[in-house]
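Since the structure comes first, as structure tokens, the remarks are kept for the end.
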Amino acid sequence: KEIFFTLNGKPVSAEVDVSSTLLDVLREQFELTGTKEGCGVGECGACTVLVNGLSINSCLMPILEVESADVVTVEGLADEHGHLDPVQEAFIQHGAVQCGFCTPGMVMSAKALLMENPHPTEDQLRAGIAGNLCRCTGYIQIVEAIKAVTEPTGD
Ligand code: FES
Ligand code: FES
């Protein structure tokens, strides 16, 4: 079946197997391999992307539900000049990346959180990434990185 949606700001279409997930289509058809497959069953958050501004586990989303939706992957965060998103910059500055497997999903969950609530408390911040597992256990740096993006810039 052919479906149409918006991917990282551009209208796209794809011939899909109706049993595919959004994760399958992103990785295999669009070659956007920033989005990772960890558990494949909704438990690790490595496959997190934004759909209509909300973070979702793409491994659980049937591709047919993506018709007409607005999908953003980690590849869509940098601007057209290649400047990274502030969340991505903060992860680098705070050493919040070890093996990097969880990083795209963490960054996307952080984006969703900050879009909804630009000044979360630490508890809200931790709740925002509660569905994302880091097998390298780098949570302290990850939380510090996201906090840095939420803090006032000194004015
Ligand atoms: Fe989707 Fe783990 S791969 S939640
Ligand atoms: Fe390795 Fe999080 S940095 S899984």
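Everything quoted here is computed from the prediction, not taken from an experiment. All residue numbers refer to positions in the sequence shown, counting from 1. Numbering of ligands and ligand atoms starts at 1, following listing order.
Proximity to Gly100 (heavy-atom distance under 4.0 Å) selects the following atoms of ligand 2: 1 (Fe), 3 (S). Short contacts between ligand 1 and Gly42, defined as distances under 4.0 Å to a heavy atom of the residue, involve ligand atoms 4 (S). Less than 4.0 angstrom separates some heavy atom of Arg135 from each of these atoms of ligand 2: 4 (S). Close contacts between ligand 2 and Cys134 involve ligand atoms 2 (Fe), 3 (S), 4 (S) [criterion: under 4.0 Å to a heavy atom]. Shown in contact with Cys99 at under 4.0 Å from a heavy atom are these atoms of ligand 2, numbered in order with element: 1 (Fe), 3 (S), 4 (S). Within ligand 1, counting atoms from 1 as listed, the ones closer than 4.0 Å to a heavy atom of Glu43 are 4 (S). Atoms of ligand 1 found under 4.0 Å from any heavy atom of Gly40, numbered from 1 in the order shown, are 2 (Fe), 3 (S). Remark: ligand 1 atoms within the under-4.0 Å shell around heavy atoms of Cys47 are 1 (Fe), 3 (S), 4 (S).
Within the 4.5 Å cutoff, the side chain of Leu22 has heavy atoms near those of the Leu26 side chain. Contact annotation: the side chain of Val143 approaches that of Ile129 to within less than 4.5 Å [non-hydrogen atoms, C-beta and beyond].
The closest donor-acceptor contact from the side chain of Glu43 to the backbone of Gly38 lies at 3.5 Å or more, if one exists at all. Proximity of a side-chain donor or acceptor of Ser109 to a complementary backbone N or O of Met106 within less than 3.5 Å is not detected. For the pair Asp79 (side chain) and His81 (backbone), a donor-acceptor distance under 3.5 Å is present. Within the 3.5 Å criterion, the main-chain N or O of Gly45 finds a donor-acceptor partner in the side chain of Asn132. Between the Glu75 side chain and the Gly34 main chain, a donor and an acceptor come within less than 3.5 Å of each other.
In the candidate list Cys102, Gly45, Gly38, Gly45 is nearest to atom 4 (S) of ligand 1, counting heavy atoms.
Rounding to 10°, one obtains 110° for the angle at atom 2 (Fe) of ligand 1 between SG (Cys44) and SG (Cys39).
In summary, the side chains of Asp17 and Ser19 do present a donor paired with an acceptor at a separation below 3.5 Å, with no hydrogens or angles considered.
For residue Cys136, an N/O/S atom approaches atom 1 (Fe) of ligand 2 to within less than 2.8 Å.
Assignment of Gly138 to the shell around ligand 2 is not supported, since no heavy atom sits closer than 4.0 Å.
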